[in-house]
Q: 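Submitted below is the structure of interest, expressed as structure tokens.
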Amino acid sequence: MGLFKSTFSKIRQGLTATRETLLGGVVDMLRGRTLNDELIDEIEARLIRADVGLTPTRRLIDGLRADYKAGKISRGEDVLEYLKRELKALWPEEDRRLRFAPPAEGGPHTPTVILVAGVNGAGKTTSIAKLAKALRDEGNTVLLGACDTFRAGAVRQLEIWAERLGVDVVRGKQGGDPGAVAFDACDAAVARKIDVLILDTAGRLHTQDPLMRQLVKIRDVTARRIPGAPHEVILVLDATAGQNAIRQAQEFSGAIGVTGVFLTKLDGTARGGVVIGVREALGVPVKFIGVGETLDDIQPFEPDAFVEAMFATE
Amino acid sequence: MFERLSEGFSTALRRLSGKGAITEDNVREAMGDIRDALLEADVHYDVVKQFTDEAMRDAVGREVTKSLEPGQEMIGVVHDRLVAMMSPADGSEPGVPRASPSPTVVMMCGLQGSGKTTTCGKLAAYLKKRGRSVMLAAADLQRPAAVDQLRIVAEQVRDEMPGGATVRFYAEPDKVAAYGKAVGVAVDVCKRAYAEAQKQGVDVLILDTAGRLHVNDELMQELERVNTALKPHQVLLVVDAMTGQDAINSAKAFHERLAIDGVILTKFDSDTRGGAAISVKHVTGAPIRFIGVGEKLDALEEFHAPRIAGRILGMGDVVSLVEKARDQVSDEDAERMAEKMAKGQLTMDDFLGQLRSLRKMGPMKQLLGMLPGVGSAIKDVNIDDKQLDRVEGIVNSMTAQERKHANLVNNSRRRRIAHGSGVGTTEVSQLLKQFDAVSKLSKQMSGMGMMGQMKAMRNLEQAGAGAMNNTQLPDMSGLRTRGSTHTVSPKKRFKQRKKR
């Protein structure tokens, strides 16, 4: 299932800002230098400024310091290799492809259901549009469910994207029950023999208990209408977010069982280093990254390329 | 966190107590903890470094006084410094100035998803409440349906929010285009909005601009052009309170281009520690004027540095807790309740009502976390909100008579209630006892002054009611713990029951 042909150059392009402001600088800083305590402190500062977080940073730095004291590392270039190796090791081999419903054998048609959730302003609707386009371009029929009945203009926003893509939207009343929209969308997806149904939900802070329960209800409704649904639960995380993203990931995962992360807004100067902490806390892979405003600005997350791109020098 | 910080300083300074002045070595380790706390709260690395260096300089040379808790004192120093860092340099009040001639122009700007459009609505509601007429102008021509969203928000403010002033909406929906297609058009839309606002005699014109990345030169230029054309009286940067280290980069870029006058921090109702507040203030020097604290249009508050400083240090936020409570209980309700309590007429129905409004405020763990000192203590404790379901169940299984007069409940009734709510009879007894203790206490307390009240609370605490360990119920208003019954002999318990 070759969803989204990944090209190293495209990720590098998306991460230009990251490289220039953060680790591109590391390369210059390290080249031809001999390691010392001051240099190690500087590397630590750079990791923290990338939102990597105190605990993962400390672990990386402690390891580096130990190797330095033991005389295993002394040249700046070796430090780079060390950091790359350690950062890559944080992303174990795992399946980062989208999960699809198993093909129906003689039984009724089973659409794949993707439930998308996240805090307000993370970029859910835009990410859904990108995902829908990529799926459609691969020959899938796609249906969108507008379960954000709360925010003013949210349904319209999804509809405008859908019109541009030529896919249908199932919608309910403004202020209505999002569970009912999910219900209708599932039935419509089955009736129309749709391949993939993507459900957009209202942004909600993970601290708002009633809204989190509402999300559980949406999930339960889909599970009742379509066996095995939702096949994929995508949490949309903003790359500019700080350490609170870990709390978000924990709470959303506790409520609806997140199966993958979509990391958005990597085209700015934000480094998205918090995904390292999220990976540790959740054990769930980052599946996609958003690197721009157009519908094609979606990339599969590939740790090696991610790290390589961070250190690339042009 | 707060405990850890203050502990760190205490250990460092205890050895010194009465011996002399603080040296750098004494506090280095403790200062390291402060540094970690700030970094974990997402304060920018460079800001943290500067802050701890300065705090260190401050501390070194200070006399350690015998009478004070030195650890607490150091935390106090740190806290005050944080407050000073976040407070406006000129001591100016939050709020929107009055320009003459009107309209006062306020331009909102920020990254995508920071909450500009919602905040525009909240600011309009804030102004409407204060009798100032508003026009909301849709200058976001890029995000699909952004204009629709602002129109709906404007209508909601006009129709649903309190205050007498008019709320208008200005947009040119035919100018909307895809991302990057209509750059510059927003400038003309804003100019025409200004002319319209002037004609209609509007007091404040709020411009809702499109979210943009600070590295997108073309779009940043568009903002500069709006800024030059309309010369807004206030340029407000809208920043997501959950932002990490990058807050400093984006705030700096917006400030360099637009010379922002103030910051609005959104999504402060999350559990973020909000270190971005310090970073943004540090890099722009512009005061934080408002914070967004909820989905509703009235959820905009003026910014108070001490409260956020406490939150960043993990000291809890009692004020927010009180405000949450106020959202749930009206003044009249509170007064009626106080009267009942004073007369010792508290009923199980009142108790249930209170329990329900308490639960509406959020999960118990989150509420308790707002209390100073409780946050870290319950970090790993699993507080089960289902316990409260059972309490509700027990009260629901009582008759109306029993709820009014809890002392009617005898053995047979107790069994019936237990059966009805699916719990053991001991749990029913437990609840009744707790209820009894609370209503007695409230009657006692209402007759006392402040000091007496505190004494009574302390007595209750010493009786084991304030302990957090082994609680059946999360500790509310001095409810007694399950463990406490074991100290009463069966014989004594029987006597107590008979008395009742």
Q: How close do G153(A) and A145(B) get, heavy atom to heavy atom, and via which atoms?
A: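 Minimum heavy-atom separation between G153(A) and A145(B): O-CB, 3.4 Å.
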Q: Mind checking the CG-OG1 spacing from L111(B) to T240(A)? Nearest 0.5 Å is all I need.
A: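 Taking CG in L111(B) and OG1 in T240(A), the distance rounds to 6.5 Å.
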Q: Using 0.5 Å steps for rounding, measure from the CD1 atom of I160(A) to the CG atom of D148(B).
A: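 That separation rounds to 6.0 Å.
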Q: Where do P144(B) and Q157(A) come nearest, in terms of heavy atoms and distance?
A: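 Nearest heavy atoms, P144(B) then Q157(A): O-CG, 3.2 Å.
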Q: Donor-acceptor pair, T269(A) side chain versus S250(B) backbone, under 3.5 Å?
A: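 No, because the side chain of T269(A) does not come within donor-acceptor range (under 3.5 Å) of the backbone of S250(B).
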Q: If you count heavy-atom pairs under 4.5 Å with chain A, which of S270(B), G275(B), A41(B), S114(B) comes out on top?
A: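 Between S270(B), G275(B), A41(B), S114(B), the count favours S270(B).
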Q: Compare every heavy atom of A152(A) with every heavy atom of V153(B), then report the nearest pair and how far apart it is.
A: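 Nearest heavy atoms, V153(B) then A152(A): CG2-CB, 4.3 Å.
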Q: Heavy-atom distances under 4.5 Å only: say whether E44(A) touches chain B with side chain, backbone, both or neither.
A: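 Just its side chain gets close to chain B.
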Q: Is it the side chain or the backbone of R151(B) that comes within 4.5 Å of chain A heavy atoms, both, or neither?
A: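 Neither the backbone nor the side chain of R151(B) comes within 4.5 Å of chain A.
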Q: Mind checking whether R151(A) and Q149(B) have side chains closer than 4.5 Å, heavy atoms only?
A: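 A side-chain contact exists here, since the closest heavy-atom pair is under 4.5 Å.
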Q: Residues of residues 240-248 of chain B under 4.5 Å from chain A (heavy atom pairs)?
A: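 Listed by number, the contacting residues are M242(B), T243(B), G244(B), Q245(B), D246(B).
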Q: Which members of residues 244-257 of chain A, sorted by number, sit under 4.5 angstrom from chain B on a heavy-atom basis?
A: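 Within residues 244-257 of chain A, the residues that come under 4.5 Å of chain B (heavy atoms only) are N244(A), R247(A), Q248(A).
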Q: Is a side-chain donor-acceptor pair under 3.5 Å present for E293(A) with Q112(B)?
A: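 Yes, a side-chain donor-acceptor pair sits under 3.5 Å.
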Q: Just wondering, do H206(A) and D271(B) contact through their side chains at under 4.5 Å, heavy atoms?
A: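 Sidechains of H206(A) and D271(B): in contact.
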Q: Could you look at V274(A) and say if it's the side chain, the backbone, both or neither that has a heavy atom under 4.5 Å from chain B?
A: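 Contact with chain B is absent: no heavy atom of V274(A) under 4.5 Å.
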Q: Does this structure show an ion pair linking R58(A) with D36(B), if we count only N-O contacts that are shorter than 4.0 Å?
A: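 D36(B) and R58(A): salt-bridged.
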Q: What part of L54(A) gets closer than 4.5 Å to chain B, counting heavy atoms only: side chain, backbone, both or neither?
A: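 It is the side chain, since no backbone atom gets that close.
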Q: Please identify, among A241(A), G203(A), A122(A), the residue contributing the most non-hydrogen atom pairs under 4.5 Å to chain B.
A: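 Most heavy-atom pairs within the cutoff with chain B belong to A241(A).
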Q: So which part of L211(A) gets closer than 4.5 Å to some heavy atom of chain B, the side chain, the backbone, both or neither?
A: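 The side chain, not the backbone.
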Q: Is it the case that atom NZ in K175(B) sees more than 12 heavy atoms from other parts of the structure closer than 6.0 Å?
A: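 Yes, the 6.0 Å shell around NZ holds more than 12 heavy atoms from other groups.
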Q: Would you give the length of the straight line joining atom CZ of R35(B) to atom CD1 of I48(A), rounded to the nearest 0.5 angstrom?
A: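 One finds 5.0 Å between CZ of R35(B) and CD1 of I48(A).
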Q: So, does K267(B) use its side chain to make a donor-acceptor pair with the main chain of N120(A) at under 3.5 Å?
A: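 Flag set: sc K267(B) to bb N120(A) pair under 3.5 Å.
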Q: Report the C-alpha distance between T126(A) and R143(B) in whole Å, list the side-chain angles of each, state the deciding distance to 0.1 Å, and finish with yes or no for side chain to side chain contact (heavy atoms under 4.5 Å, CB included).
A: CA-CA 9 Å; T126(A) 310; R143(B) 180 164 57 91; over 6 Å; no
